[in-house]
Every structure is written in structure tokens, then in C-alpha cells.
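Take a look at the structure below.
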Amino acid sequence: MPASPVTATSGARIEAVGIGRDFGSVHALAGVDLAIEAGEIVALLGPSGSGKSTLLRILAGLDAPTSGDLRFDGDSQLGVPPHRRDVSMVFQHFALYPHLSATDNLVLALRYGRGMSKAAARERAAETLRMLGIADLARRRPAQMSGGQRQRVAIGRALATRARVVLLDEPMSGLDAKLRVELRVEIVGLLRQLGTTAVFVTHDQAEAMAVGDRVAVMNRGAVEQIGTPDEIYDLPATRFVATFVGSPPMNVFEGTWADGILRGPGFSAPAPAAAVAVGVRPEHLRLGDSAAATSGTRSPSGGGIGARAGVGVGTAAGTGVGDGFRVKGHVVVAERLGAERTVYVRSAAGTLGVRVAAQVRVAPDEPVTVTAPASALLCFGPDGRSLPIPPARQPS
Ligand SMILES: Nc1ncnc2c1ncn2[C@@H]1O[C@H](COP(=O)(O)OP(=O)(O)OP(=O)(O)O)[C@@H](O)[C@H]1O
């Protein structure tokens, strides 16, 4: 906790309108539309090459779009150089001055970046180091710090200026998993205290879901969906988002639709017209023994679907397949992870990941039936977009 009130700032509202960036024939960005509220933390998540860094560099003013507009608080930033944008940036590979102490690294940024007096800069530097819990490093030079400590100082330097926009490009990618979790909690707490608008680039979905008020999922140079972590997970807009977010990923099976049912190799599921694929998350699948296919589900999975059960995307009336997804298969392997276990089942439809409680035991090659209620299914159309689902299933 800071010992004295924190010098806060007011974050800028960011609008990207149809931003494109071509590198020769490569369309790194293909019309990015994004509105980020003042003080909001948005995580940019996407696979390698999806355009995250290019977008961040354009926000910073280190690169210019080939089309579209970028506005901060309604003012176009096209042609505005980086130092006049009131933006600070934390890079993957931070560059602290090796011959300066932690304090002096921050003081330098504040004096020359912000034109602060020496006394005010020293006071701000001390306040920032205190907020990051590294006041004891104040006099140390980078060579006398661990990697995590150096990255804290680099983050401190970016936040000390109290810029209205902070851009973080994979700021923790060089650190070990435990340190990443600790540091991200601190960074988010600090950004909130400061009120700055932040854009946080990561290819780590857990990190994106943890830091972002909203997550913008990028694919092939465009934002496929921006939403709260709950919206992204529960109501993915596209098949890409559905399968990119979630670990193990959503199971998706392709089939042919007729009379309210999508049928594919070894499976059937109720689906709205135009569906070409059905998806179900591993935690929404239930595992039963092969006899359960006719005598009712043994259901050792420990639930997870209770909140969603009872609301269907359609009724498979007269089809004889019940109102959910069902497929038979054999256990390939079961992986224990914390309080849960992921069972991989090979079926005619493909290999499924099923998440069950850790106490559920299955043996390799055991025949099983995997089921899910209609309420847990997501269906996708030929363009990869999710098909509408009833309002009753919208997350609260
Ligand atoms: N200076 C450049 N010259 C040519 N192509 C570029 C340049 N910068 C980026 N690209 C291309 O633009 C696309 C987007 O790259 P970008 O670095 O923005 O992706 P990214 O999502 O940040 O990827 P990563 O997670 O690997 O950093 C890629 O196809 C990349 O090869």
C-alpha cells in the first residue's frame, strides 16, 4: 500500500477506426475497429502474426496506418509524433540505463520526458517505486537486480510519467510463471489506482482474461471480438474465438444439417438452420459408460453444466437422439491438473477433451459415451460466425 495519496491521471478514450497497415503485399492490419474507454484495461490477444504489435506501435506513434484513423479523446493522432501523444510504453525487452540506479532511471524519464523539476521527479520516482513494492531497490543499478525486479522498475518507469495511455507489449514474457502471476496482479492494481487507459498485448489467454476489463481477440489483422472475459468465453462471436480461448480448447465437430439436427460421423446434435459445426466446452461434456447410452447417463463428471441446463437451442423432436449432443468412444488418456482431470476420448467424430472432477477414474481403452445438453452447445455457420442462441443463455 502506498504511504501517501497517489498522483492519479485521467486516461484517454481511444478509438481506432478502420485502421489498416500494409507492408508491401502483407496486410498486417485489415481494418481494425476498436473503442477503448477512458481508464479501461484492454488485453489484445491473438496468435503470432495477427497484428497485435503492429496495432500497438500505431497507438504509440512508432508506426503510421496506411488507412483509417486513430483518435485519443476525439482528436486524430495521425501525424502526431510519439512524444506529443502522452503515451508510455513497456516493451518485452525493457531497456533500463545500466549505469543508473532504479530511482535515477525513473527520474531521467520524468525530467526529460515530462520536464519535471529534480525534486518533483525524485518524489514521483519514490512514490512509484513504493507502489510497486520495490522501494528497497531505489539505489540499485540494473546489474544488481533480478530479471523480475528489473522488469518492475521498467514498468515503474512507464507508469511514473502518469501518461494518459500506457501500452504494454508482452511485458512479462521473459519471466517465470509464478512471477508473471504476481506481477500482473500488481500491474492491474496499479493501473486501476492511476486511472490510466491501458492496452496490454499478450498471446497468453490466461493472462489476457486476467488483466483485461475487456479482451480484444485479433485474427489475421482484425479484431474478431471485443468483450468482457465472460462474454469472450461464454459467447464467442466466431469459431476462431471459441477455439482460441479456453484450455483445453472447445471441441468442435462438423456435420450436415437437416430437420433441426446436425449430423456428423458418430454424433448428432440439435442445431439451428445453417449450422455447419457444433461446439461444446470440455467442462460441459459428461462422461458415461457405454451402457449409459441406453440406460441413462452415469454422469461421473461432477457437473459444471447445471447453470446452463434446461435451455435448449432447439428441439430434436422425433429424431430419437434426445435433446443434446451424444457420441460414443474410447478413453485415450486422462490428464490430472489440479482439482480436475481432462479425459481425452477418441470417437468417430474426432478426439474430444472432457473435463471431469479429479475423483473420476477412467482406464485407457474404456468404452464411454460422451454427452452434453442442448443448452451447452454453440453452433457455427458456414462463415465461421456463431449462430444466435436464446437470450436465456446470455451470461449475467
Ligand atoms: N516491418 C514489417 N515488414 C513486413 N512485414 C511486417 C512488418 N511488421 C510486421 N509485419 C507482418 O505483419 C503481420 C503482423 O505482425 P505483428 O508483429 O503485428 O503480429 P503479432 O500479432 O504482434 O505477432 P507476435 O505475437 O508474433 O509478436 C505479420 O504477418 C508480420 O510478418
Side-chain angles (χ1 to χ4, degrees), residues 1-12 41 53 56-57 59-62 80-176 179-180 182-201 211:
M1 289 295 287
S4 54
V6 166
T7 320
T9 185
S10 67
I41 304 173
S53 298
L56 207 71
R57 288 172 55 78
L59 295 178
L62 300 172
V80 178
H83 64 276
R84 293 196 37 223
R85 288 193 182 189
D86 198 8
V87 162
S88 67
M89 198 156 174
V90 184
F91 293 98
Q92 193 170 329
H93 301 291
F94 45 90
L96 294 172
Y97 291 104
H99 59 290
L100 295 181
S101 68
T103 297
D104 289 341
N105 263 285
L106 268 62
V107 166
L108 196 71
L110 292 165
R111 293 203 67 193
Y112 295 100
R114 281 288 195 237
M116 289 173 82
S117 71
K118 194 169 180 183
R122 290 195 78 82
E123 195 176 316
R124 175 72 63 78
E127 176 193 77
T128 307
L129 293 177
R130 212 164 46 232
M131 287 168 71
L132 278 163
I134 48 172
D136 54 326
L137 300 179
R139 291 162 189 270
R140 284 200 221 168
R141 291 194 301 278
Q144 300 166 313
M145 302 175 199
S146 70
Q149 290 169 333
R150 280 199 287 271
Q151 190 61 324
R152 271 188 166 79
V153 174
I155 290 164
R157 187 174 59 180
L159 300 182
T161 58
R162 308 290 189 266
R164 58 185 179 150
V165 175
V166 174
L167 306 172
L168 305 107
D169 193 0
E170 304 257 4
M172 298 179 290
S173 61
L175 308 177
D176 68 56
L179 201 55
R180 285 173 78 117
E182 278 172 25
L183 202 51
R184 84 180 178 214
V185 169
E186 285 176 32
I187 293 174
V188 169
L190 211 51
L191 289 170
R192 290 205 195 296
Q193 251 183 307
L194 296 177
T196 189
T197 307
V199 182
F200 191 115
V201 165
V211 302

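Quick caveat: nothing in here was measured; it's all calculated off a predicted structure.
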Sub-4.5 Å side-chain heavy-atom contact between [X] and [Y]:
{"X": "L183", "Y": "R152", "answer": "yes"}
{"X": "R162", "Y": "T128", "answer": "yes"}
{"X": "E127", "Y": "E123", "answer": "no"}
{"X": "L108", "Y": "R157", "answer": "no"}
{"X": "V166", "Y": "L159", "answer": "yes"}

Where [X] and [Y] come nearest, the two heavy atoms and their spacing:
{"X": "A158", "Y": "S88", "answer": "O-OG, 2.7 Å"}
{"X": "L137", "Y": "A102", "answer": "O-CB, 3.4 Å"}
{"X": "A12", "Y": "V165", "answer": "CB-CG2, 3.8 Å"}
{"X": "M172", "Y": "Q151", "answer": "N-NE2, 4.3 Å"}

Check against side-chain contact (heavy atoms from CB on, under 4.5 Å), L96 and R150
CA-CA 8 Å; L96 294 172; R150 280 199 287 271; 4.3 Å; yes
Using modelled atom types only, decide if a donor and an acceptor are shared between the side chain of [X] and the backbone of [Y] within a distance under 3.5 Å.
{"X": "R122", "Y": "T103", "value": "no"}
{"X": "N105", "Y": "L100", "value": "yes"}
{"X": "R184", "Y": "V211", "value": "no"}

Could you tell me the separation between the [atom1] atom of [X] and the [atom2] atom of [Y], rounded to the nearest 0.5 Å?
{"X": "L194", "Y": "S10", "atom1": "CG", "atom2": "OG", "answer": "11.5 Å"}
{"X": "I134", "Y": "L129", "atom1": "CD1", "atom2": "CG", "answer": "5.0 Å"}
{"X": "L62", "Y": "M89", "atom1": "CG", "atom2": "CE", "answer": "5.5 Å"}
{"X": "L56", "Y": "L168", "atom1": "CG", "atom2": "CG", "answer": "8.0 Å"}
{"X": "L59", "Y": "L167", "atom1": "CG", "atom2": "CG", "answer": "5.5 Å"}
{"X": "I187", "Y": "F200", "atom1": "CD1", "atom2": "CZ", "answer": "5.5 Å"}

Distance-only donor-acceptor pairs under 3.5 Å for side chains of residues 138-146, two or more places apart:
unit_1: R140; atom_1: NH1; unit_2: Q144; atom_2: O; d: 3.2
unit_1: Q144; atom_1: OE1; unit_2: R141; atom_2: N; d: 2.8
unit_1: S146; atom_1: OG; unit_2: Q149; atom_2: N; d: 3.2
unit_1: S146; atom_1: OG; unit_2: Q149; atom_2: OE1; d: 3.4

Answer yes or no: is there an ion pair linking D86 with R114, defined by an N-O contact shorter than 4.0 Å?
yes
Does the pair R130/D136 count as a salt bridge with the N-to-O cut at 4.0 Å?
no
Working note: R192 + I41, criterion side-chain contact (heavy atoms from CB on, under 4.5 Å); need CA distance, chi angles, decisive distance, verdict.
CA-CA 8 Å; R192 290 205 195 296; I41 304 173; 3.7 Å; yes
